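Heads up, the thing below is written out as structure tokens.
Position 1 is the first residue of the sequence, and the numbers go up from there. Since the structure is predicted, the reported quantities are computational estimates derived from the model, not experimental observations.
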Amino acid sequence: MSWGLVLGPGGPVGTAWLAGLAAGLREAGVDPAGAGTIVGTSAGAIAGAMIATGRDLAAVAVLPPANGPRPARNPAVMERVFGLMRDPALEPDEARRRVGRLAAEAEALPAEWHRKRMEFLVGTDAWPEGRLLVTAVDVASGEPVVWDRASGVPLSAAVAASSAAPGHARPVEIGGRLYMDGAFGGGAWPWLARDEAKVVLVEPFAHMSDGAGGDVRIVPDEAALEAFGGDVGDVGRWAECYRAGVRQAPGAARLIATVA
């Protein structure tokens, strides 16, 4: 049966958990790259690209020491972002445009450094043969966008744009336009996999979604949430979150086996 794999946002801690989960699934005999469609948003875009391109996930179980600048990690930025997105007086595109202006103004990791880190994590700039969809939001228009291997966008640029959260990384320029985190375009975007017979929805930020759109839903368990801690941008928790994903994989493999 053809199935879709939808990977949602989750910050660096969620990215590590997703990578560990994928590594554990491979060990359990369920290859997540076997999905007919892989949809990745933000953290999910990073993990989705690693899965679809066959990345050696053991190579990212522990991150090497970071070179260059670090993200500003100002929590006030995301507080303002969520305030805009939840404002009932704003139409969705207008809310995203305002978030885009905030993203362009906020102190954050330079886009070129963010892309270099995505190049390391993904391990290649070549799109896979399979159907990988990466989401983002146009900063100026507020419109959601979706890229695939036919889009002509380098994979690392697409992944960097999809994971460029305001206050974490500056918007990424592609084709003369700026793009930011795809999570603002619709969470995990499960509808992009609607052509598949079944959809496996994996959401690191389970508390921010009702789980709609997935036939099977996989979320962090209590041990994983404890590993996440209180700061989703804390890369110091990467290895612990990766291991939490590996630990959850056998149970996740059993769930996926019911639809794959």
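For the residue pair Thr124 and Thr53, no side-chain donor N or O sits within less than 3.5 Å of a side-chain acceptor on the partner.
Nearest approach of Pro220 to Pro204, heavy atoms of both residues: CG-O, 3.3 Å. Closest approach of Ser151 and Val146 over heavy atoms only: OG-O, 4.3 Å. Residues Arg170 and Pro110 come closest through the heavy atom pair CG-CA, 3.9 Å. Nearest heavy-atom pair, Met50 versus Ala19, reported as atom, atom and distance to 0.1 Å: CE-CB, 3.8 Å.
Rounded to the nearest 0.5 angstrom, Leu18 CG and Cys241 SG are separated by 10.5 Å. Thr37 contributes atom OG1, which lies 6.0 Å from atom CG of Leu133 (distance to the nearest 0.5 angstrom). A distance of 10.0 Å separates OG1 of Thr41 from CD of Glu203, quoted to the nearest 0.5 Å.
The closest donor-acceptor contact from the side chain of Arg237 to the backbone of Ala227 lies under 3.5 Å. The backbone N or O of Val219 lies less than 3.5 Å from a partner atom in the side chain of Gln248, making a donor-acceptor pair. Panel note: side chain Glu107, backbone Gly167; no donor-acceptor pair is recorded below 3.5 Å. Under a 3.5 Å cut-off, the side chain of Trp189 and the backbone N or O of Val134 do not form any donor-acceptor pair. A distance-only check finds a donor-acceptor pair linking the side chain of Thr258 to the backbone of Leu255 [under 3.5 Å]. Judged by distance alone, the side chain of Trp17 and the main-chain N or O of Phe228 form no donor-acceptor pair under 3.5 Å. At least one donor-acceptor pair under 3.5 Å links the side chain of Arg149 to the backbone N or O of Pro128. Of the possible donor and acceptor atoms, one in the side chain of Arg194 sits under 3.5 Å from a partner among the backbone N and O of Trp191. Of the possible polar contacts, one joining the Asp125 side chain to the Ser156 backbone as a donor-acceptor pair under 3.5 Å is found. Looking at Ser162, its side chain does come within 3.5 Å of a backbone N or O of Ser42 through a donor-acceptor pair.
In the displayed structure, Glu112 atom CD is contacted under 6.0 Å by more than 12 heavy atoms of other residues, nucleotides or ligands.
Ionic pairing of Glu105 and Arg101 is not present here: no N-O contact between side-chain nitrogen and carboxylate oxygen is shorter than 4.0 angstrom. One finds a salt bridge joining Glu94 and Arg97 here, because a Lys/Arg side-chain nitrogen approaches an Asp/Glu carboxylate oxygen to under 4.0 Å. Asp148 and Arg131 are not joined by a salt bridge, as no carboxylate oxygen comes within less than 4.0 angstrom of a charged side-chain nitrogen. Remark: Asp56 does not engage Arg26 in a salt bridge, criterion side-chain N to carboxylate O under 4.0 Å.
Between Leu90 and Leu84 the shortest side-chain heavy-atom distance falls below 4.5 Å. In this structure the side chain of Asp138 never reaches within 4.5 angstrom of the side chain of Leu178, judged on heavy atoms. In this structure the side chain of Leu201 never reaches within 4.5 angstrom of the side chain of Ile218, judged on heavy atoms. Contact check for Pro12 versus His168: side-chain heavy atoms found under the 4.5 Å cut-off. Between His114 and Ser163, some side-chain heavy-atom pair lies under the 4.5 Å cut-off. Put simply, the side chain of Val200 does not reach to within 4.5 Å of the side chain of Val6, judged on heavy atoms. Using a 4.5 Å cut-off on side-chain heavy atoms (C-beta onward), Ile51 and Ile38 make contact. Between Arg247 and Tyr242 the shortest side-chain heavy-atom distance does not fall below 4.5 Å.
For the pair Arg98 and Phe184, the cation-pi test (distance below 6.0 Å, angle within 45°) is failed.
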For this session: Begin from the C-alpha positions of Arg177 and Glu173 and carry the test salt bridge (charged side-chain N to carboxylate O under 4.0 Å, His left out) through to its verdict.
Result: CA-CA 5 Å; Arg177 299 188 70 83; Glu173 183 176 348; over 6 Å; no
